[in-house]
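Presented below is the structure to which this report refers.
Only heavy atoms go into these numbers, but all of them, side chains included; no hydrogens, no water, no symmetry mates. We number each residue from 1, following the sequence as shown. Keep in mind that this is a model prediction, so the values were computed, not measured.
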Amino acid sequence: MLVATSGGVAIDKYTEVKLTPKQIEKNRLILFSSLSGVSIIALTYQFMDYLRGGCGCVTIDLAKTLLFRKYEIYRLFDFEIPFALVGISIMTAVLIQVVLLGFLPLQMELTIIKEKSFKITKKYGEYWYYFVVFQLFLTVGALLYLLYLELFVINFICILCTISQIIIVINTLLIMTWDPFPKK
């Protein structure tokens, strides 16, 4: 049984192994993880406030609250999904993927069924990295839409939304400037 601790040490029943990032610099990973954690906490607060009937933003103006509630949902097949929940999902997924991309060796074979295996190669790793960048661009698109709503429709700036928006921009820049597969 494998247990990972926050110190980066994996311990099983018999051995102790030091996990070190292979494709990502330690400082970049710490900054990205910390910022993502702050964003997930802010988004979780917004989602919990939405469930309690608020708008997810720190405002006491009832008119602004009702206006925010009108625009803060994404409609998908008659389901109303709050943007905060979408943000939590995407931010968590991107964080997990970046950590996996940073730690997993690029030449790896996973056995799925007895005789079937899947090889993770550098090429698949590059596709995975571009998929993460694509997800971050989706978050930037959502950021622009929500910023437009705040500035021009609602005429109110939410501090929690602004924190998440700044983190989205910084995280996108951190990942876009990261070269997980340097040419040797």
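- Residues T44 and I40 have side chains in contact (heavy-atom distance under 4.5 Å, counting atoms from C-beta outward).
- Distance check, rounded to the nearest 0.5 Å: CG of L31 to CZ of R28 gives 9.0 Å.
- Residue I30 holds its CD1 atom at 7.0 Å from OG of S34, rounded to the nearest 0.5 Å.
- In terms of the side chain to side chain donor-acceptor pair (under 3.5 Å) criterion, residue partners of S36 (sequence neighbours excluded) are, by chain and number, N171.
- Partners of V133 under the side-chain contact (heavy atoms from CB on, under 4.5 Å) rule, at least two apart in sequence or in another chain, are Y129, F137, I175, M176.
- Taking Ile, Leu, Val, Met, Phe, Trp and Tyr as hydrophobic and joining them when side-chain heavy atoms fall under 4.5 Å apart, one finds I41 isolated, its cluster having no other members.
- Every residue two or more places apart in sequence or in another chain that forms a ring-ring contact (aromatic ring centres under 6.0 Å, His included) with F152 is listed here: Y148.
- Residue T139 holds its OG1 atom at 4.5 Å from CD1 of I168, rounded to the nearest 0.5 Å.
- Here F131 sits in one hydrophobic cluster together with F134, L138; the rule is ILVMFWY side chains under 4.5 Å apart, joined directly or through other members.
- Under the side-chain hydrogen bond (donor to acceptor under 3.5 Å, both in side chains) criterion, no residue pair touches residues 159-169, with sequence neighbours excluded.
- The CD atom of Q46 sits 12.0 Å away from the CG atom of L51 when rounded to the nearest 0.5 Å.
- Taken to the nearest 0.5 Å, the CG atom of L95 stands 8.5 Å off from the CG atom of L29.
- Considering only residues two or more places apart in sequence or on other chains, Q135 meets the side chain to side chain donor-acceptor pair (under 3.5 Å) condition with Q97.
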For residues 84-91, please give each side-chain donor-acceptor pair under 3.5 Å, one per line with the distance, not counting sequence neighbours.
unit_1	atom_1	unit_2	atom_2	d
S89	OG	L85	O	2.9

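- Counting only residues at least two apart or on different chains, no salt bridge (Lys or Arg N to Asp or Glu O under 4.0 Å) pair has a member in residues 129-144.
- With I96 as the partner, the side-chain contact (heavy atoms from CB on, under 4.5 Å) test is satisfied by one option alone out of L100, V94, V99, V98: L100.
- The side-chain heavy atoms of I170 and F32, taken from C-beta on, include no pair separated by under 4.5 Å.
- Evaluation of the side-chain contact (heavy atoms from CB on, under 4.5 Å) rule for L173 yields V169 as partners, not counting sequence neighbours.
- In this structure, T172 OG1 and L143 CG are separated by 8.5 Å, a value rounded to the nearest 0.5 Å.
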